[in-house]
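Right, one structure below, let's go through it.
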Amino acid sequence: MVVEVEAAEVVAAARRVLTTVPYGFFTTLGTTRPSVRMVGCLGIDEDLRVTFGTGRHTRKAAELRANATAIYAAADLTTGAAVCLYGTATLDEDLSRRRSAWVPGLARFVPGGPEDPEFVLVSIDPDRIEVWSEQDRVHPDPFGMASAVVLRSADGWAGPATTHPGR
């Protein structure tokens, strides 16, 4: 079965999954292997930049200072949909943005609140999105064997292509 999808449909499916799922897995490049950890999403902007909080001195912050290449992945377990954002991550120490992103649940990790200098934001700016979502009809041929892929350039999101080898 061939399912035709447009880039806008892939981006919309990614947005639906990302706004439905409060947690995702963030991957950075460690010194000897990739490092993966679960993080709580604090925001998603119109370009699908995902933001979460961390500590200034955490392993993930150190790894991002050495190499900003990162991946954020989330899955909607109720529908089986999945999205992976590939891109460049940045650390953001701006106090006004930290205050805006702050949620009460962070207090158990950062008792000093958003003003605590240890608290920083991380945002991943995606240039590649992979999505598989039966609910959104984003599942390229062959069904179940590939994700739809869109790439971002100065002109916006383009694609989709498939992740299936040889295509």
Side-chain angles (χ1 to χ4, degrees), residues 1-30 32-54 58-61 63-92 97 100-101 103 105 120-167:
M1 163 169 66
V2 176
V3 177
E4 298 292 329
V5 292
E6 298 293 324
E9 294 174 285
V10 176
V11 171
R15 183 176 311 285
R16 184 193 62 75
V17 172
L18 293 169
T19 57
T20 301
V21 179
Y23 299 98
F25 289 94
F26 185 67
T27 304
T28 55
L29 297 176
T32 60
R33 66 179 111 196
S35 295
V36 181
R37 71 281 287 159
M38 188 183 322
V39 296
C41 180
L42 297 175
I44 302 162
D45 76 7
E46 80 176 40
D47 289 325
L48 295 182
R49 285 182 198 89
V50 172
T51 299
F52 60 90
T54 193
T58 61
R59 177 175 42 116
K60 70 178 87 59
E63 289 170 351
L64 289 174
R65 286 185 196 98
N67 186 331
T69 301
I71 301 168
Y72 181 86
D76 180 349
L77 299 180
T78 60
T79 66
V83 60
C84 291
L85 305 177
Y86 297 78
T88 303
T90 56
L91 295 170
D92 183 355
R97 286 190 290 275
S100 293
V103 295
V120 296
L121 298 174
V122 176
S123 294
I124 182 166
D125 188 16
D127 55 34
R128 176 187 175 99
I129 302 172
E130 292 185 12
V131 178
W132 193 96
S133 175
E134 188 171 5
Q135 174 180 329
D136 298 295
R137 298 190 45 80
V138 176
H139 45 80
D141 183 44
F143 180 80
M145 298 299 290
S147 296
V149 176
V150 292
L151 304 174
R152 191 176 74 194
S153 68
D155 298 325
W157 294 104
T162 179
T163 59
H164 192 277
R167 294 186 187 214

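Keep in mind the model is a prediction, meaning the values are calculated, not measured.
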Out of Leu85, Ile71, Leu64, which one pairs with Phe26 under the side chain to side chain contact (heavy atoms under 4.5 Å, CB included) rule?
Leu64

Is there side-chain contact between Thr19 and Ile44, with heavy atoms separated by less than 4.5 Å?
yes

Without swapping roles, check the side chain of Asn67 against the backbone of Thr69 for a donor-acceptor pair under 3.5 Å.
yes

State, to 0.1 Å, how close Val17 and Ala74 come at their nearest heavy-atom pair, and which atoms those are.
CG1-O, 4.1 Å

Spell out, as yes or no, whether a donor-acceptor pair under 3.5 Å connects the side chain of Tyr23 to the backbone of Cys41.
no

Within-4.5 Å side-chain heavy-atom neighbours: Val122 and Leu91
yes

In this structure, OG1 of Thr27 is separated from CD of Glu63 (nearest 0.5 Å) by 10.0 Å

Give the minimum heavy-atom separation between Ser35 and Gly30, together with the two atoms involved.
OG-CA, 4.1 Å

Measure from NZ or CZ of Arg128 to the centre of the six-membered ring of Tyr86 and say whether it is under 6.0 Å with the direction within 45° of the ring axis.
yes

Taking Pro126's backbone N and O only, do any of them form a donor-acceptor pair with Arg152's side chain (distance below 3.5 Å, no angle check)?
yes

Apply side chain to side chain contact (heavy atoms under 4.5 Å, CB included) to the pair Trp157 and Ile129, showing each step before the final yes or no.
CA-CA 9 Å; Trp157 294 104; Ile129 302 172; 3.4 Å; yes

Under 3.5 Å: donor-acceptor pair, side chain of Arg15, backbone of Asp47:
no

Answer yes if the side chains of Arg37 and Thr28 hold a donor-acceptor pair under 3.5 Å, and no otherwise.
yes

Tell me, yes or no, whether the heavy-atom count around Arg33 atom CZ, taken from other residues, nucleotides or ligands under 6.0 Å, exceeds 12.
no

Where Val131 and Ala13 come nearest, the two heavy atoms and their spacing
CG1-CB, 3.9 Å

Judged by modelled atom types alone, do Thr51 and Ser123 share a side-chain donor-acceptor pair under 3.5 Å?
yes

Scanning both residues in full, the closest heavy-atom pair of Thr20 with Pro22 reads O-CD, 3.6 Å

Do Ile124 and Phe52 pass the side chain to side chain contact (heavy atoms under 4.5 Å, CB included) test, and can you show the C-alpha distance, the side-chain angles, and the key distance before you say yes or no?
CA-CA 9 Å; Ile124 182 166; Phe52 60 90; 5.7 Å; no

Would you check if the side chain of Arg65 reaches a backbone N or O of Lys60 as a donor-acceptor pair within less than 3.5 Å?
no

Is a donor from one side chain sitting under 3.5 angstrom from an acceptor on the other, for Thr79 and Glu134?
no

Side chain to side chain, Thr54 and Val120, heavy atoms closer than 4.5 Å
yes

Pairs involving residues 16-30, ordered by first then second residue, that meet salt bridge (Lys or Arg N to Asp or Glu O under 4.0 Å) (sequence neighbours left out)
Arg16-Asp76, Arg16-Asp136

Using a 4.5 Å cut-off on heavy atoms from C-beta on, say whether the side chain of Leu18 contacts that of Val50.
yes

Apply side chain to side chain contact (heavy atoms under 4.5 Å, CB included) to residues Val150 and Val11 and explain how you reach the verdict.
CA-CA 8 Å; Val150 292; Val11 171; 4.2 Å; yes

Derivation of the side chain to side chain contact (heavy atoms under 4.5 Å, CB included) call for Val103 and Leu42:
CA-CA 8 Å; Val103 295; Leu42 297 175; 3.8 Å; yes

